Protein chains: 2
Amino acid sequence: MNTTTPQYVVGIDLGGTTAKFGIVDKEGNILEQDRIATASEKPVNFFVDELHKKLQPMIDRHGGKENFIGIGMGAPNGNLYTGNIEYAANLHWQGIVPIAHLITEKFDIKTILTNDANAAAMGEMMYGAAKGMKHFITITLGTGVGSGIVIDGKMVVGHDGFAGELGHVIVRHGGRLHRGTGSRGCLESYASATGVKDTAVEFLAANPTKVSLLRDFAEEDLTSQTVYECAIKGDEIAKGIFDFTGEILGEALANFVMFSSPQAIILFGGLTKAGSYIMNPTKEAMEKNLIQVFKNKVQLMFSNLKESDAAILGASALVWD
Amino acid sequence: MNTTTPQYVVGIDLGGTTAKFGIVDKEGNILEQDRIATASEKPVNFFVDELHKKLQPMIDRHGGKENFIGIGMGAPNGNLYTGNIEYAANLHWQGIVPIAHLITEKFDIKTILTNDANAAAMGEMMYGAAKGMKHFITITLGTGVGSGIVIDGKMVVGHDGFAGELGHVIVRHGGRLHRGTGSRGCLESYASATGVKDTAVEFLAANPTKVSLLRDFAEEDLTSQTVYECAIKGDEIAKGIFDFTGEILGEALANFVMFSSPQAIILFGGLTKAGSYIMNPTKEAMEKNLIQVFKNKVQLMFSNLKESDAAILGASALVWD
């Protein structure tokens, strides 16, 4: 029997289509990783069984459960206080799902849950751009817009565990409809993958006679990636899409700064691949909307974590913390 | 010599026209209070001397400095970390004013400074509507719009001490000009005393043929108080002013809730005297703009502290904390 201090943790990133998981050491090395599908309509117990089949052998290969401090898990609407996933719109499981409890029971290893965006923030603090920082915000610009807020070195979860839904703040009164929530003008309606596509469709329709490389793409292929490819070729409409998105995002970021006065805001996810096309208008709009005392103080940066690793590292950071 | 534990603190609320100060005991009783003017153009040392003339005898009547734990002070742009007032627009003193240091030296009693809105939040937590709460936000709707944010029982001051400037968040893109900061569409431009007056002037001009009791007032007398007096008499334009203000304020509050998920938001200051005329549209707009997970959870309430005492109590709470 191994009597030394446990030296590994498991990080699990649960998403709407896949769950990625890996064995992580203290230095943030992912020693082994794998994934399973989550889009199945089968109940959550089925998922836990599938996870067990693949993850338990990985745990055994690294000294068994005695060698693990815990399992950290990030999931949409994951609640740190209750260990439940509660009413997650992007998952098939309905209502309240006691996922941390089910995994703790199955593996006999303590499991800590939080929402996926908070897990990403923990990953940035432990292994990424926010290393050593005590005040920062991470914004994930992906399928949706997620956020993790750290104040004084602690993740902000609020009185009920649900704080940090910055994708849903209203940035354009009476603006674009959010198909999921029904609200109008929220950040996610503009700065997510769907938002960028909607902007592209709107801009092309509003300028019917203007030549654009974007017209060669089918609507479903108008992603931030294709818009970026057109922008670097000098396409004016493509560049305008990033300017528009950045102006809205930057204004929202200014509001976040005036709330918690962070040292840095770290952007992550698909949209960040557009580099300076999205960074420049975002930074300009943020600075423009800040009052004097905050100007030129906040570092706005892209995450430097590999996207495929970041979620697992973030989830694992929950346990080290 | 008195060798028992110190039992009092001094609370000082420094504003643009007066500084109020008082001796406070642990139960939040103000045993004695007074005030001096601050609008003088004389340097800060002159203010400290004037304060000493009036406050030292009060301290002496309560056992002298040995009987005092400290002096707590709230001031515009007061910085908890540095003890300095930094670039406060509403004060005559320019630049960086080391006020906590000056007062500590003059009285030989440790002085803690924070901004006035944070002091108000501390007062609510210790003696007011937020007693026993660990997650809440206070919004002061006065000459300006100030805010104090408490998360996990701690005041949010950010990495530089300036967090919680919620009056300056942008709520109407490209909206009303803020005369002080030059920004457009910030909350303070609508929900402050000046904002309400501006709205009244705009509404009267936009409806030139509509009868309104508000037309009997000179522009400088269009305050939230006079608008309220007209509203209770059934004046439609007056009621519309509160509906408009509440819609903007409520939308901003929804955004704050999605940031830190507080148990309560406590409103304070002149505008709250309009009671349900401002509370109802504010609450309606807040709930409307919240995503499901936050709906019907946040207590929106008015402060129950006496306005004249609240600032002194809040400043004193800094020391007890």
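What's counted below: heavy atoms across the whole structure, side chains too, no hydrogens, waters or symmetry copies. Naming: A, B, ... by sequence-line order, numbering from 1 per chain. Just so it is clear, the model here is predicted, and its values are computed rather than measured.
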**Q** For the OG atom of A:Ser260 and the CD1 atom of B:Ile149, what is their distance to the nearest 0.5 Å?
**A**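 Going from the OG atom of A:Ser260 to the CD1 atom of B:Ile149 covers 7.5 Å.
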**Q** Between B:Ile170 and chain A, which part of the residue has a heavy atom less than 4.5 Å away: side chain, backbone, both or neither?
**A**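 Contact with chain A: backbone and side chain both.
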**Q** With the threshold set at 4.0 Å, does a side-chain nitrogen-carboxylate oxygen contact exist between B:Lys154 and A:Asp152?
**A**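 Here B:Lys154 does not pair with A:Asp152 in a salt bridge, since their nearest N and O are not under 4.0 Å apart.
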**Q** Testing the basics here: between A:Phe259 and B:Ala163, what is the closest heavy-atom pair and its distance to 0.1 Å?
**A**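 For A:Phe259 and B:Ala163, the tightest heavy-atom pair comes out as O-CB, 3.4 Å.
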**Q** Donor-acceptor pair, distance only, cut-off 3.5 Å: does the side chain of B:Asn255 make one with the backbone of A:Val169?
**A**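 No; judged by distance alone, with no hydrogens or angles, the pair does not exist.
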**Q** With a 4.5 angstrom heavy-atom cut-off, which part of A:Leu290 approaches chain B: side chain, backbone, both or neither?
**A**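 Contact with chain B is absent: no heavy atom of A:Leu290 under 4.5 Å.
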**Q** Can you tell me how far apart CD (B:Gln263) and CG (A:Asp160) are? Round to the nearest 0.5 Å.
**A**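 CG of A:Asp160 is found 9.0 Å from CD of B:Gln263.
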**Q** When only pairs under 4.5 Å are counted, which of B:Lys288, B:Arg172, B:Lys134 shares the most heavy-atom pairs with chain A?
**A**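 Most heavy-atom pairs under 4.5 Å with chain A: B:Arg172.
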**Q** Before giving the answer on side-chain contact (heavy atoms from CB on, under 4.5 Å), spell out for A:Val171 and B:His173 the whole-Å C-alpha distance, their side-chain angles and the decisive distance to 0.1 Å.
**A** CA-CA 8 Å; A:Val171 284; B:His173 175 69; over 6 Å; no
**Q** Say whether, by atom type as modelled, one donor and one acceptor occur between the side chain of B:His159 and the main chain of A:Ser261 under 3.5 angstrom.
**A**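 Confirmed, B:His159 side chain pairs with A:Ser261 backbone.
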**Q** Got more than 12 heavy atoms from elsewhere within 6.0 Å of NE2, A:His92?
**A**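 Yes.
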**Q** Could you look at B:Gln292 and say if it's the side chain, the backbone, both or neither that has a heavy atom under 4.5 Å from chain A?
**A**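 For B:Gln292, neither part sits under 4.5 Å from chain A.
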**Q** Quick one: which of A:Tyr87, A:Phe162, A:Phe256 has the most heavy-atom pairs under 4.5 Å with chain B, could you say?
**A**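 Result: the option with the highest number of such pairs is A:Phe162.
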**Q** Select, from A:Val156, A:Ile248, A:Thr181, the one with the greatest count of heavy-atom pairs under 4.5 Å involving chain B.
**A**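 Most heavy-atom pairs within the cutoff with chain B belong to A:Val156.
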**Q** Yes or no on side-chain contact (heavy atoms from CB on, under 4.5 Å) for A:Glu165 and B:Ile291, after CA distance, side-chain angles and deciding distance?
**A** CA-CA 9 Å; A:Glu165 286 290 351; B:Ile291 55 170; 4.1 Å; yes
**Q** For B:Glu86, is it the side chain, the backbone, both, or neither that has a heavy atom closer than 4.5 Å to a heavy atom of chain A?
**A**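 Neither; nothing under 4.5 Å.
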**Q** Against chain A, label B:Leu166 side chain, backbone, both or neither, depending on which of its atoms sit under 4.5 Å from a heavy atom there.
**A**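 Contact with chain A: backbone and side chain both.
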**Q** In terms of heavy-atom pairs under 4.5 Å, which option from B:Arg184, B:Lys297, B:His178, B:Met133 contacts chain A the most?
**A**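 The residue among B:Arg184, B:Lys297, B:His178, B:Met133 with the greatest pair count is B:Lys297.
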**Q** Can you tell which part of B:His135 gets under 4.5 Å to a heavy atom of chain A, answering side chain, backbone, both or neither?
**A**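 Answer is side chain: those atoms of B:His135 sit under 4.5 Å from chain A.
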